[in-house]
**Student:** 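Here it is: the structure, laid out below.
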Amino acid sequence: MAISTDLILAKSFLEKGQLVAIPTETVYGLAGNALNPLAVAAIFETKNRPSFDPLIIHVSSLAKADSYITEFPKALRLLAEAFWPGPLTLLLPKAPEIPDLVTSGLYRVAVRVPSHPLTLALLESIDFPLAAPSANPFGYISPTTPEHVSDQLGEFIPMILDGGPCKVGLESTIVGMEGEDIIVYRLGGLEIDAIESIVGKVKLQDYSSSNPQAPGLLESHYAPTKPFILGDLSKLIPNYASRGKSFGVLSFQDFSEVVALEKQIRLSQNGDLKEAAANLFAAMRELDGMDLEVILAELAPDQGLGKAINDRLKRASATRQ
Ligand code: TXA
Ligand code: MG
């Protein structure tokens, strides 16, 4: 398995129907030719992902997106013009050439233009879109570095395109329309306020609502293997300490004075939500890899990117079915 910046090598694997992990500003994706059902099937197999969970296709420009959809509602086009390339995925009526396996038979396809120079150059060099879910085993934390990808999927893929650590660190915000309503299906790296500044009020799907159309919205997702307990750290820490449990702490801004520093990670010393978002998944992985029984965590302030951070924290703490 190669971890490299060689675009020609990446292209050659993709043209053969093989998979390559690609960097984006949000998280690393496990990419294959979206027009080749065998490559798409390999994505589901490699991720151990149920095939009813549809995939996002990645293209290099708004003009390219046009060729894989049948209609671009005006409000959504305005969002694309404002935020592509960037952490925004749009659900749009799909053109027939997109295989049903990509969309799980749904009438809409999820499309985005990622903002990463290497991946944009790769997308410009090929004549098909890349289907790419986050490059992690289904249900686990999304990868934000090449090492995260190689730790879990390295033995199953020929190459990771090395684009360094992801700058945003949270998956894209997913937006679509139902009638006249603009719906946010997944909170993510693009803030609601930014979206509303272009198209006015949007409707939000509650994090706990079950939505068979988008299993990424399943209550338990983005989850470490260790129990992940979310709450008020000033109460959780003495509680778990008194029970003799070994635990690690994921805090937003402050370290606890009663816990060893090496068992604590804080997301942002200055309480900066962007920095916290970029650090979140790496911090969850690091704590998951430590010799501990439990991870204790607290929510971020519930504003701006904090809403998406809190969505991921809540899903990480939800019990698996
Ligand atoms: O930032 C991102 O979006 C990353 C990078 C790699 O682009 N990708 C990503 O993909 O997070 P994935 O597969 O891990 O999550 C995509 C979510 C899933 O929850 C899926 O159910 C939903 O998008 N989705 C995809 N296509 C859909 C469709 N046609 N209708 C409804 N939901 C869809
Ligand atoms: Mg995912």
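In listed order, ligands and their atoms are each counted from 1. In this text, all values refer to a predicted model and were calculated from it rather than measured experimentally.
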**Student:** What do you reckon, does K47 have a nitrogen or oxygen under 3.5 Å from a nitrogen or oxygen of ligand 1?
**Tutor:**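 No, no N or O pair falls under 3.5 Å.
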
**Student:** For residues 272-289, pull every pair meeting side-chain hydrogen bond (donor to acceptor under 3.5 Å, both in side chains), keeping only residues two or more places apart or in separate chains.
**Tutor:**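 Listed once each, the pairs are Y140-D288, Q152-R285, T225-D288, S268-E275.
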
**Student:** Ligand 1 and R108, any nitrogen or oxygen pair closer than 3.5 angstrom?
**Tutor:**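 Min N/O separation from ligand 1 is below 3.5 Å for R108.
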
**Student:** Have a look around the Mg ion (ligand 2) and list protein N/O/S atoms under 2.8 Å, or say none.
**Tutor:**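 Only S134 OG fall inside 2.8 Å of the Mg ion (ligand 2).
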
**Student:** Which is it for T26 and ligand 1 at heavy atoms under 4.0 Å: side chain, backbone, both or neither?
**Tutor:**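 T26 to ligand 1: side-chain contact only, backbone stays beyond 4.0 Å.
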
**Student:** With a 4.0 Å cut-off on heavy atoms, does T103 reach ligand 1?
**Tutor:**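 In this structure, T103 fails to qualify as a contact of ligand 1 - no heavy atom is under 4.0 Å.
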
**Student:** Roughly how far, to the nearest 0.5 Å, is CG of L153 from NZ of K47?
**Tutor:**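 Between K47 NZ and L153 CG, I get 8.0 Å after rounding to 0.5 Å.
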
**Student:** Under 4.0 Å from any heavy atom of S172, which atoms of ligand 1 are there?
**Tutor:**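 So the answer, numbered in order with elements, is 1 (O), 2 (C), 3 (O).
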
**Student:** Side chain, backbone, both or neither: which part of I22 comes within less than 4.0 Å of ligand 1 when only heavy atoms are counted?
**Tutor:**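 No part of I22 comes within reach of ligand 1.
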
**Student:** Any donor and acceptor pair, going by atom type alone, linking the side chain of T173 with main-chain N or O of L190 inside 3.5 Å?
**Tutor:**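 Such a contact is found between T173 side chain and L190 backbone.
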
**Student:** Show me the donor-acceptor pairs within less than 3.5 Å that the side chains of residues 112-132 make with the rest of the protein, sequence neighbours left out.
**Tutor:**
residue, atom, partner, partner atom, Å
R112, NH1, E25, OE2, 2.9
R112, NH1, G86, O, 3.0
R112, NH2, T24, OG1, 3.0
R112, NH2, E25, OE1, 3.4
R112, NH2, T26, OG1, 3.0
H116, ND1, L118, N, 3.2
H116, NE2, G163, O, 3.1
T119, OG1, P23, O, 2.5
S125, OG, L122, O, 2.7

**Student:** Please collect all salt bridge (charged side-chain N to carboxylate O under 4.0 Å, His left out) contacts where either partner lies in residues 79-100, sequence neighbours excluded, each pair once.
**Tutor:**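 Found K94-D100.
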
**Student:** Does a side-chain heavy-atom distance below 4.5 Å link I265 with V249?
**Tutor:**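 Heavy-atom side-chain distance check fails, nothing below 4.5 Å.
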
**Student:** Within the structure, does H58 bring an N/O atom to less than 3.5 angstrom of an N/O atom in ligand 1?
**Tutor:**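 In this structure, H58 places an N or O atom under 3.5 Å from an N or O of ligand 1.
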
**Student:** Do Q264 and S251 pass the side-chain hydrogen bond (donor to acceptor under 3.5 Å, both in side chains) test, and can you show the C-alpha distance, the side-chain angles, and the key distance before you say yes or no?
**Tutor:** CA-CA 8 Å; Q264 301 190 61; S251 68; 5.3 Å; no

**Student:** If the cut-off is 4.0 Å to any non-hydrogen atom of E171, which atoms of ligand 1 fall inside it?
**Tutor:**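 That gives atoms 1 (O), 2 (C), 11 (O) of ligand 1.
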
**Student:** Would one find more than 12 heavy atoms of other residues, nucleotides or ligands at under 6.0 Å from atom CG of D291?
**Tutor:**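 Result for CG/D291: open.
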
**Student:** Among the heavy atoms of K94, does any lie under 4.0 Å from an atom of ligand 1?
**Tutor:**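 Heavy atoms of K94 never come under 4.0 Å of ligand 1.
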
**Student:** Within ligand 1, which atoms have a heavy atom of I56 less than 4.0 Å away?
**Tutor:**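 Once the distances to I56 are compared, the set is 3 (O), 8 (N), 9 (C), 10 (O), 16 (C).
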
**Student:** If you count the non-hydrogen atoms of other residues, nucleotides and ligands that lie under 6.0 Å from CG in L261, is the total more than 12?
**Tutor:**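 Yes, enclosed.
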
**Student:** Identify whether NZ of Lys or CZ of Arg in R312 sits under 6.0 Å from the centre of the six-membered ring of Y222 and within 45° of that ring's axis.
**Tutor:**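 Yes, a cation-pi geometry holds between R312 and Y222.
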
**Student:** Examine the proximity of ligand 1 to R49 and report which part, side chain or backbone, both or neither, has a heavy atom under 4.0 Å away.
**Tutor:**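 For R49, only side-chain atoms sit under 4.0 Å from ligand 1.
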
**Student:** Crowded around K64 NZ? As in, over 12 foreign heavy atoms under 6.0 Å?
**Tutor:**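 Result for NZ/K64: enclosed.
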
**Student:** Within a distance under 4.0 Å of any heavy atom of P133, pick out the atoms of ligand 1 and give their elements.
**Tutor:**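 Near P133, meaning under 4.0 Å from one of its heavy atoms, ligand 1 has 10 (O), 12 (P), 13 (O).
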
**Student:** Can you give me the closest heavy-atom contact between I295 and M284, atom names plus distance?
**Tutor:**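 Where I295 meets M284 most closely, the heavy atoms are CD1-O, 4.4 Å.
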
**Student:** Can you check which of S104, P114, P54, S134 brings a heavy atom nearest to atom 26 (N) of ligand 1?
**Tutor:**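 Among S104, P114, P54, S134, the closest heavy atom to atom 26 (N) of ligand 1 belongs to P54.
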
**Student:** Under 3.5 Å between any N/O of R112 and any N/O of ligand 1: does that happen in this structure?
**Tutor:**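 Yes; the residue has a nitrogen or oxygen that sits under 3.5 Å from a nitrogen or oxygen of the ligand.
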
**Student:** May I ask you to check whether F138 and H221 place their ring centres under 6.0 Å from each other?
**Tutor:**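 Ring centres of F138 and H221 closer than 6.0 Å.
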
